[in-house]
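Atoms within each ligand, like the ligands themselves, are counted from 1 in listed order.
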Amino acid sequence: MAPPDKARPSSNPESVPGAALVAAPGLAARRRGETWFGNNDVASFIHRAFTKAMGYDDEDLRRPIIGICNTWSELNHCNHGLKDVAAAVKRGVLQEGGLPLEFPTISIGEVFVSPTSMLFRNLAAMDTEEMIRAQPLDGVVLLAACDKTTPAQLMGAASADVPAMMVTGGPMLNGRYEGQDLGACTDCRRYWTEYRAGTVDEATMCALEDNLCRSAGHCMVMGTASTMAACAEALGMMLPGGAAIPAPDSRRLRFAEATGRQIVRLARQGIRPSQIMTHAAFENAIRLLHAVGGSTNAVVHLVAVAGRLGIRLPLERFDELSRTTPWLANLRPSGRYQMEQLFEVGGIPAVMKELEPLLDLDCLTATGLTLGQNLSQIEPAGTRSPASIKRMREVIAAREAPLSEEGGLAILRGNLCPDGAVIKHVAASPHLLKHRGRAVVFRSLADLSAGIDDPALDVTPDDVLVLQNTGPVGAPGMPEVGNLPIPKKLLERGVRDMVRISDARMSGTSYGTIVLHVAPESAIGGPLAAVRTGDLIELDVPARRLDVLVSDEEIRRRLTEFTPPRPAYRRGYGRLFLDHVLQASEGCDFDFLVGAPEDAHDAARFGRDLRT
Ligand code: FES
C-alpha cells in the first residue's frame, strides 16, 4: 500500500485543494463487499463469475470496492463535466488500491425538469440510498452539481451510511459581456426584468444569451448549487477546497483524483457519514451558509439531510446562528463577486478560517482529521502579501469588519407563518425590511400569470404581493416562484422591488425583499390561505415578525371556508409525494424517510478485516 499523503501547509490558495490533508489509515473496517464476493457459496460464486464478465479478476475483487455515484446527464448541463470528474476519481481509487465502479443515478437539472425539480429531490435521494445499500460497495464517491443533486445525494448517503465523500461539478466560468462579468442566473433575472420594463432591447438579450454560460458547471453565483457544495464542504463530506474550483479548471480533476485516493482510506477505516455529519457539523454548515450569504433553499435541504440521521434542526437555531455569524463573502446575488473570484482568494477554507472561533473544530471530516486540524493547514489571512490581502478582502471580509454583523438569512414567525418563513435579508432592499402594506393576493400560479401584468391590476409600490398554493403540496413540489415578478406597470415607473410573500421557494440566484417557505402552507389550510386582497401585512425583519393585521378569530373564520386545491396527482410518484411530503420547516422530505439509518451498523454484513 502506498504511504499516505503527508500533511503539509500550502501557501498557495489555488494549489490543489484538499490533496495534502488526509489522515494515515488507522483502525481497519470490515469489508462490506466481502458479503457479495467472499463466501464459499453459490451466491458469491455467481457474483464473482458475473463480475469477471466485465474483465475483473480475483485481485480486483480483493480490493475495497468504491462506487462512483454519477449524476452525469446530457439533460443536465450543470452536471455535464462529471464524466471527466469520474475518470479522475477512478485514477485516485486505483492508485490507493481500490476498485472503482461507476454507476448512474437520477440527474435533476433545474432548467429542464418539469413541473419543478424539487418534486424529484426525494426520488433522487431514494435512488441514491437504495443503490448504495443494494450494491457491493465499501465506499462511495458522490458526484453532484445542480441544485437538487447535491442534497439528494447527501440525503441518500446519510441513510445508507456507507463511507462516502462528495465531489461537485464546480461552478461555470463567469459569463462575460462588454467588459462585465455575468452570473447565472442572477443576470438572467436582472436583464429579463429590464427587458420587460423596456430598458433593454432584444439584440442585447440575444447577445447576453450567447455570453452568459461559457462552460459546463453549475450557476456561478452563490446560488443553491454553490451553497450546497459549500455546505457539503463545511459538513466535512468533501475534501477542503473543492466547492469553489471552477468546473473546467484542471485543479478540479486533480481534486477528484485526491478524493479517489481518500475514499479508499475512509472505506478501510470504516468512517461513515453518520460519524462526519453530526449535529455540530450541521451547525458549522449553517454558520458557513450565513457567512457566505447562501441560498434560502439550503435551509430546507440541510434540515432534510440532518433528518436522515435523526438530527433535528429547528428553524430557530438557523436564526440564532444567523444572529451570531457575520456575513463575510461578498458574492452575488447579495454581493458583488462570483465563485471564480472566491476560488482565487482561497475558496470555502478561507471563509471557514475567518469563522474558526465560531466553529466546532472537533468535528471529524472526510480527511480523517478534525476540522480544526484541516484549518490549521490554511494560512491565516494576515500572513499573505499586502496585495493578496487586499484582493482577498474585496471578496472575503475580515471577521472583525464584516459586510454585516449578522448572517445572510433570517427566520420569521407571526400569525402568517406559525411554523416559520425564511428571508434572505442581505439580498433585500433595506428600506423594505420594516414595512406595512396592503396585500394583493394571487390564488395560484395561473392566477398570477393571468393578472400580474394586467393594466387594470390595482397595485402600488407599497403593496405586498402574496402568492398562495405554491408550497410542497400546493403547486405541488414547492417550485421556485417566490420571486413574483414586479407588475409591468410598476416596472415601467422604475419600481424594482416590493415585499413579496409565498409558501414557495426561490432560486438561490434571486434577490429582492422576498419572504419564502411560509409554513404551514396555504394548500393544507395554513393562515396564508386566509389572506385576502386589501388586508394589511406587516413585515419586521429586525424583530423577525410576519403578521397579517387581521384578528385570530377572523383568520379562523376564513379558514373554515377554505377549500383545498384538487390533488395534482392520483397515481405514481406524484401521489406518493402528495401523501408523504413534509412541510418546508421540516425539510420537505417524505415522512417515512426521516430518522437514523436502521441497518447501517449491521456488523454482520461487513465481512473481512482489511488490515493487511
Ligand atoms: Fe443548475 Fe443553476 S441551473 S445550478
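The E110 neighbourhood of ligand 1 comprises atoms 3 (S), with distances under 4.0 Å to a heavy atom of that residue. Taking every heavy atom of C146 and a limit of under 4.0 angstrom, the matching atoms of ligand 1 come to 1 (Fe), 3 (S), 4 (S).
The closest protein non-hydrogen atom to atom 3 (S) of ligand 1 is C78 SG, 3.4 Å. Looking from atom 4 (S) of ligand 1 to the surrounding protein, the closest heavy atom is D147 OD1, 3.2 Å. The protein non-hydrogen atom at the shortest distance from atom 2 (Fe) of ligand 1 is C219 SG, 2.2 Å.
Going from atom OG of S250 over to atom CG of D84 covers 12.0 Å, rounded to the nearest 0.5 Å.
The backbone N or O of V351 lies less than 3.5 Å from no partner atom in the side chain of E354, so there is not a single donor-acceptor pair. T71 contributes no side-chain N or O that, together with a main-chain N or O of S107, makes up a donor-acceptor pair within less than 3.5 Å. When atom types are taken as modelled, the side chain of N297 and the backbone of M506 share a donor-acceptor pair closer than 3.5 angstrom.
Coordination check, H218 versus atom 1 (Fe) of ligand 1: failed, since every N/O/S atom of the residue sits at 2.8 Å or beyond. Within the 2.8 Å limit, C185 places no N, O or S atom next to atom 2 (Fe) of ligand 1.
Contacts with ligand 1 closer than 4.0 Å are made by side-chain heavy atoms of A225 only, the backbone lying farther away.
Cation-pi geometry between R500 and F442 is not satisfied (NZ or CZ under 6.0 Å from the ring centre, within 45° of the ring normal).
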**Asked** Please walk me through it: do S322 and E406 pass side-chain hydrogen bond (donor to acceptor under 3.5 Å, both in side chains)?
**Response** CA-CA 6 Å; S322 178; E406 287 190 6; 4.8 Å; no
